[in-house]
Amino acid sequence: MPEVVAAPSNGDVEMTDAPPAAPAESTPEEVESETLYIQNLNEKIKVAVMKQTLTNLFKTYGDVLDVVAHSNIRMRGQAFVSFKSKDVARKALKEVKGFPLYSKPMQVTFAKTRSDAVVKVLEEDRFDEHKKERLEHKRKQRFDNPHAVKARAKRKAEKVDGAAPVPTTKRPNVLMPDEYLPPNKILFIQNLPEDVNKDQLTTLFAQYPNLYEVRLIPTKKDIAFVEYADEGSASVAKDALHNYKIDGETKIKVTFARK
DNA sequence: AGCACA
């Protein structure tokens with residue numbers, strides 16, 4: 001379970017001098033929403049963990065009403081994060097866009113449709129109606145699915161041709177906290193007491209299967225690297241030993257190492 | 001790439 005974590009940026013507030021005049025040609029001016037649609041999420045991360053992480057990350061901008069994510073083919077790598085207002089969503093979008101969560105820069109836009117959670121809070125009386133409509137719409141989509149898919153693919157293809165190269169490289173404004181690193185068979189141990197030795201650590205980490213090697217850093221006595229045979233084994237040990245009180249008092253920090 | 005909410 002990820003811990004509470006620093007916001008991705010220093011929270012600089014920008015004035016919203018909205019330029020409503022000419023919709024930039026290749027930028028089909030997005031309609032704002034209380035909900036953000038996030039893409040390019042690391043698909044190795046289990047959805048429960050991802051949802052928890054997103055909640056923690058986004059609550060620094062305002063109350064998070066809901067986070068929806070699915071692991072099926074069509075929906076994996078994506079999530080919907082709902083706030084109580086568009087203002088909050090807009091601010092969050094600006095600051096979080098391009099932020100590398102679990103090593104993958106998040107792609108953030110406004111969601112196309114209204115979330116149940118938002119309707120529930122903003123217009124509770126219409127909630128049932130909203131849900132009815134939504135499900136109705138879903139039924140229809142399913143029905144004429146094959147056509148829709150083809151038409152969509154075609155439009156996409158055309159669009160790609162004339163489109164300007166997408167500026168995929170947005171430099172993150174902050175360094176990724178350890179907790180957001182993707183799984184790795186190597187663990188990074190921090191906050192070790194000065195006097196631990198290799199044997200102690202080996203004994204500790206060998207409680208969990210497939211330990212491969214423990215490496216101490218001669219010059220930095222409070223950190224170490226612990227390697228397992230595979231990511232799964234490393235992950236088990238990490239979950240078990242993160243915040244473990246190694247000498248009865250100092251909690252060690254165990255995260256995946258950076259690649 | 002992919003816009004959901006049992």
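Numbers restart at 1 for each chain; the letters A, B, ... are given by sequence-line order, proteins then strands. Hydrogens, waters and symmetry mates play no part in the numbers below; they use all other heavy atoms, side chains included.
- Of the charged side-chain nitrogens involved, none lies within less than 4.0 Å of a carboxylate oxygen, so that A/Lys120 and A/Asp66 do not count as a salt-bridged pair.
- Applying a 4.0 Å cut-off to non-hydrogen atoms, the residues of residues 113-132 of chain A that approach DNA chain B are A/Thr113, A/Arg114, A/Ser115, A/Asp116, listed by residue number.
- The residue among A/Ile73 and A/His70 whose nearest nucleotide of DNA chain B lies closer to the 5′ end is A/Ile73.
- At whole-Å resolution of the value, CG in A/Asn72 and C1' in B/dA1 are 13 Å apart.
- Using a 4.0 Å heavy-atom distance criterion, A/Leu135 is classed as making no nucleic acid contact.
- If you check every strand for non-hydrogen atoms under 4.0 Å, A/Glu43 touches a base.
- Distance, A/Glu133 CD to B/dA4 C1': 16 Å, rounded to whole Å.
- Taking the centre of each ring, A/Phe188 and A/Phe225 come in below the 6.0 Å mark.
- One can place NZ of A/Lys112 at 5 Å from P of B/dC3, the figure rounded to the nearest angstrom.
- Applying the 5.5 angstrom centroid cut-off and the 30 degree plane-angle cut-off, the aromatic ring of A/Phe80 is not stacked upon the base of B/dC3.
- A/Lys138 has a side-chain polar atom (N or O) that falls below the 4.0 Å cut-off from OP1 or OP2 of B/dC5.
- Summarising the geometry, the separation between NZ on A/Lys51 and C1' on B/dA4 is reported as 10 Å, rounded to the nearest angstrom.
- Residues satisfying the salt bridge (Lys or Arg N to Asp or Glu O under 4.0 Å) test with A/Lys44, not counting sequence neighbours, are none.
- A salt bridge is defined here as a Lys NZ or Arg NE, NH1 or NH2 lying under 4.0 Å from an Asp or Glu carboxylate O, and A/Lys221 with A/Asp195 fails to meet this definition.
- The CD-P distance, from A/Gln39 to B/dC3, rounds to 8 Å in whole Å.
- Between A/Arg76 and B/dA1 there is no side-chain polar atom (N or O) within less than 4.0 angstrom of OP1 or OP2.
- Ring-centre distance between A/Phe80 and A/Tyr37: below the 6.0 Å cut-off.
- Under the salt bridge (Lys or Arg N to Asp or Glu O under 4.0 Å) criterion, A/Arg76 pairs with no residue, sequence neighbours left out.
- Distance, A/Met75 CE to B/dA4 C1': 6 Å, rounded to whole Å.
- With rounding to whole Å, A/Lys140 atom NZ is found 19 Å from B/dC3 atom P.
- Taking atom CG on A/Leu41 and atom C1' on B/dG2, their separation rounds to 12 Å, with Å as the unit.
- A/Ser235 places no side-chain N or O within 3.5 Å of a backbone atom of A/Glu231 that could act as its donor or acceptor partner.
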